[in-house]
Amino acid sequence: MIQVGILGITGTVGQRFAQLLSNHPQFKVVAVGASERSAGRVNADTGLTITTCDPAHFKSCVVVFSALDSSVAGDIEGKFASAGIHVLSNARNYRMEETVPLVVPLVNTSHLDMLKGYSAANSGKGFIVTNANCSSTGLVVPLKALLDKFGPIDQLHVTTQQAISGAGYPGVASLDILENVVPFISGEEEKMETEPLKILGPGLVDGKFAFDQDMRISATCTRVPVIDGHTIHVSLRFKTPNKPTPAEINACFSSYKCEAQTLGCPSAPSRSIIVRTEDNRPQPRVDRDAERGFAVSVGRVRECKLLDVKFTLLVHNTVLGAAGSSVLNAEWMMSGLTQRKRNVASDVLDEHDDNYNNSNLSSNNNGGGAGSSTAVDRDRDEKDDDGDDKQGKRANKLTLMEEILLMGLKDSQVIDDRSTGEVLLDEALRMIKTDSQSIASWIDLMSGETWNLMSFNYQLKQVRERIAKGLVDKGVLRTEKRNFILFDMATHPVADYSVKEQLVQKTVDCLLGRGSAPSKQLVAMCCAAYAANVLENALVGLNHVQREQAFTKVDEMLQAWASMGEKAKAGGCDDVMAGVLSVYTKMDSLL
Ligand SMILES: NC(=O)C1=CN([C@@H]2O[C@H](COP(=O)(O)OP(=O)(O)OC[C@H]3O[C@@H](n4cnc5c(N)ncnc54)[C@H](OP(=O)(O)O)[C@@H]3O)[C@@H](O)[C@H]2O)C=CC1
Ligand SMILES: N[C@@H](CC(=O)OP(=O)(O)O)C(=O)O
């Protein structure tokens with residue numbers, strides 16, 4: 001668990017942070033702050049006593065989530081960063097700083113690349129990452145989908161109808177807003193006309209965040225008597241002469257997937273953009289909580305008589321529009337890097353970088369997810385997939401890791417969304433290359449069981465979840481959201497039993513000596529499943545004698561292949577495989 005704090009806990013966004021971080025699988029809130037007016041009171045959501053926002057009260061925190069009023073945020077957040085505590089801020093103060101990332105987690109997490117090595121290069125200072133104005137946040141999600149698919153947009157006209165919670169607590173006087181519309185929100189139009197250009201820009205160019213050069217935005221912002229949920233009406237013109245139709249645009253929105261989804265971040269929505277096809281949707285009261293407030297709902301996509309196309313979107317202003325974005329940004333960083341305790345020398349984001357590249361590869365392959373790595377599939381021995389190939393089920397070729405996970409999955413078993421580590425073997429190898437440790441300590445470190453804070457960065461993140469997501473993409477598992485007390489978790493029950501049945505059949509045939517000689521991958525899978533104590537799941541249908549026979553066979557196979565016997569060599573065993581299998585034979589003593 002990473003220890004975190006919340007600044008501005010008493011406000012609208014601060015309370016949302018408390019809700020989103022309660023029972024969070026990766027973050028534990030250990031300190032909360034507000035002004036002197038609130039200091040000393042107990043915060044009901046966290047049970048913690050509120051302090052002033054002095055970094056001295058937050059020494060045990062690796063990161064603070066800031067929901068401070070902008071009149072004080074600049075000064076206070078700066079002090080936290082100077083004290084080596086990372087800040088994820090909702091306030092406007094640092095958003096347009098040339099070297100500060102402005103990140104909407106469904107859009108431009110790649111801009112976090114610049115944090116690589118930040119603390120080391122800045123004498124142990126913490127970084128500041130900002131998220132955008134709530135209306136800008138909602139707007140850029142569909143824009144990003146359109147830009148990726150149809151290229152530059154040159155003109156954009158937006159009109160907002162913003163909820164009263166956007167003005168904080170106590171906010172707008174009831175006598176001003178009830179039965180009324182206020183056609184002005186101070187500073188809002190300027191933010192909407194500039195922030196999207198930074199978010200949708202190319203990222204760092206010559207050490208500064210560059211802006212999208214094509215887009216010009218004209219915004220009108222209004223306040224309406226709605227409690228939560230900003231509605232935004234958009235008309236836009238593309239640069240391309242080949243104008244997409246409304247149907248193509250709807251399809252583009254529906255298929256849009258961000259990295260936080262691909263990486264399986266705990267709070268990531270399963271759909272970033274929800275397309276409503278009814279004439280009268282989206283509506284704030286009905287649609288703001290879709291995907292727990294972490295998605296943008298879009299509807300009324302139609303031709304525009306002046307520009308090219310127009311549509312209406314809805315964003316939950318305090319979830320995705322504020323606290324939720326900070327939490328998701330932090331989860332994204334966790335999925336690829338460990339937010340190290342300050343003063344740990346060396347690059348903060350080494351792992352993140354690797355992860356980012358990996359996830360890019362995945363999304364280039366139609367968002368296949370980590371476990372579905374096409375590179376791994378390509379490397380696979382063609383004769384591996386006897387069963388699969390014969391049936392022409394190319395899409396369901398499973399990687400070795402997926403097979404082990406599937407084998408270990410009881411049919412009714414739930415996989416929770418808790419972070420366990422990163423799936424890709426390359427990442428593990430890269431880590432191993434950087435340091436010399438015994439096999440036993442690598443298992444300890446990568447499993448996340450270590451108590452050594454200085455070695456935090458060696459944990460493999462979300463292994464199980466990422467492999468499961470690969471299987472979801474292949475249609476073998478499905479995703480279900482279940483509510484565990486206060487927190488919605490993703491679970492992955494089996495969707496296509498036939499794939500698991502084939503895997504079990506293949507395994508049983510191999511271990512009972514039926515059919516032709518087993519492929520190298522099948523031997524590796526049986527041995528790994530045995531070492532991982534999930535092999536017996538494949539053997540439940542056998543009688544006692546057959547089970548004994550199967551276990552004896554896998555034991556023999558493991559011994560033979562672990563020492564590169566003649567049989568193993570003939571089957572294609574090489575030094576690396578023999579080395580890995582020899583570790584399996586010592587698993588009990590290592591653990
Ligand atoms: N509401 C929204 O939809 C969005 C808000 N934001 C931004 O998020 C931030 C928080 O917004 P919101 O929750 O609406 O604002 P609120 O006004 O509801 O809360 C402000 C918080 O700042 C604290 N604070 C004020 N002065 C001080 C001080 N001198 N020292 C320490 N703490 C202080 C307050 O504590 P106390 O109670 O003790 O005064 C309170 O906890 C703002 O910067 C806002 O612009 C961004 C996007 C959307
Ligand atoms: N101004 C927004 C909320 C907000 O605080 O935005 P910003 O963080 O950009 O000041 C609204 O009124 O709905």
Side-chain angles (χ1 to χ4, degrees), residues 5-20 31-41 43 45-46 49-55 57-58 64-80 87-96 102 104 128 130-139 160-172 176-177 182-196 198-199 219 221-232 284 288 293 315-327:
I6 302 174
L7 308 179
I9 183 72
T10 52
T12 309
V13 177
Q15 288 171 46
R16 185 63 77 182
F17 269 127
Q19 183 212 349
L20 296 176
V32 294
S35 75
E36 278 176 358
R37 297 178 288 278
S38 311
R41 290 192 345 231
N43 170 251
D45 295 317
T46 58
T49 301
I50 300 171
T51 65
T52 58
C53 294
D54 181 335
H57 301 309
F58 291 77
V64 287
F65 293 96
S66 169
L68 287 170
D69 190 85
S70 58
S71 60
V72 294
D75 187 30
I76 295 176
E77 291 173 357
K79 282 185 183 148
F80 273 77
V87 181
L88 287 157
S89 170
N90 274 274
R92 71 176 81 109
N93 308 61
Y94 290 97
R95 283 182 198 151
M96 301 311 280
L102 173 56
V104 174
I128 296 178
T130 57
N131 46 268
N133 166 272
C134 34
S135 299
S136 303
T137 299
L139 177 63
T160 70
Q161 293 169 304
Q162 299 186 207
I164 47 182
S165 61
Y169 187 84
V172 192
D176 288 339
I177 196 67
V182 181
F184 175 68
I185 302 173
S186 177
E188 197 75 356
E189 292 171 356
E190 292 79 354
K191 282 180 271 182
M192 280 208 80
E193 289 172 358
T194 51
E195 289 182 11
K198 180 171 176 181
I199 298 161
C221 295
T222 74
R223 182 84 62 204
V224 296
V226 162
I227 292 179
D228 283 323
H230 290 358
T231 303
I232 305 175
R288 63 188 164 212
V315 59
H316 196 306
N317 54 301
T318 64
V319 184
L320 186 66
S325 272
S326 294
V327 171

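Small disclaimer: the values here were computed from a predicted structure and weren't measured. Note that ligands are numbered from 1 as they come in the structure, with each ligand's atoms numbered from 1 the same way.
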State which residue, out of Thr10, Leu20, Ile6, Asp45, fulfils the side-chain contact (heavy atoms from CB on, under 4.5 Å) condition with Gln15.
Asp45

Run the numbers for me: atoms of ligand 2, each under 4.0 Å from some heavy atom of Arg92, listed by number.
10 (O)

Would you check the N or O atoms of Gly166, main chain and side chain alike, for any that come under 3.5 Å of an N or O of ligand 2?
yes

With heavy-atom distances below 4.5 Å as the criterion, would you say the side chains of Thr52 and His57 are in contact?
yes

Relative to the heavy atoms of Glu188, which atoms of ligand 2 are at a distance of less than 4.0 Å?
1 (N), 2 (C), 11 (C)

Please determine if Glu195 and Lys198 form a salt bridge, counting it only when a charged side-chain N lies under 4.0 Å from a carboxylate O.
no

Any N or O of Glu195 closer than 3.5 Å to N or O of ligand 2:
no

When rounded to the nearest 0.5 angstrom, what is the spacing between CG in Asn133 and CD in Gln162?
6.5 Å

Any heavy-atom pair between the side chains of His230 and Asn317 that's under 4.5 Å?
yes

Amino acids contacting ligand 1, non-hydrogen cut-off under 4.0 Å:
Gly8, Ile9, Thr10, Gly11, Thr12, Val13, Ala34, Ser35, Arg37, Ser38, Cys53, Ala67, Leu68, Asp69, Ser70, Val72, Ile76, Asn90, Ala91, Arg95, Cys134, Ser165, Gly166, Gly168, Tyr169, Asn317, Thr318, Gly321, Ala322

Side chains of Ser70 and Arg92: do they bring a donor and an acceptor to under 3.5 Å?
yes

Indicate, as side chain, backbone, both or neither, the part of Asn90 found under 4.0 angstrom from ligand 2 when only non-hydrogen atoms are considered.
backbone

About how many Å separate CG of Asn43 and CD1 of Ile9, when rounded to the nearest 0.5 Å?
4.0 Å

So, taking the atom named CG in Asn90 and the one named CZ in Arg16, what distance separates them when rounded to the nearest 0.5 Å?
12.0 Å

With rounding to the nearest 0.5 Å, note down the distance linking CE in Met192 to SG in Cys134.
9.0 Å

Give me the nearest non-hydrogen protein atom to atom 10 (O) of ligand 2 as residue plus atom name, then the distance to 0.1 Å.
Lys191 NZ, 2.6 Å

If you measure from each non-hydrogen atom of Cys134 to ligand 2, which part falls under 4.0 Å: side chain, backbone, both or neither?
side chain

Under 4.0 Å, heavy-atom basis, I'd like to know which part of Glu190 is in contact with ligand 2: side chain, backbone, both or neither.
neither

Min side-chain heavy-atom separation Ser89-Tyr94 under 4.5 Å
no

For the pair Phe58 and Phe80, name the ring-plane relationship: parallel under 30°, tilted 30 to 60°, perpendicular over 60°.
perpendicular

Quick check on Ser70 - does any of its heavy atoms sit under 4.0 Å from an atom of ligand 2?
no

Side-chain contact, heavy-atom cut-off 4.5 Å: Arg223 with Asp176?
no

Would you mind running through ligand 2 and noting each atom that sits below 4.0 Å from a heavy atom of Asn133?
6 (O), 7 (P), 9 (O)

So if I count the atoms of ligand 2 from 1 in the order they appear, which ones are less than 4.0 Å from some heavy atom of Arg95?
7 (P), 8 (O), 9 (O)

Select the closest option to atom 12 (O) of ligand 2 among His230, Arg223, Gln162, judged by heavy-atom distance.
Arg223

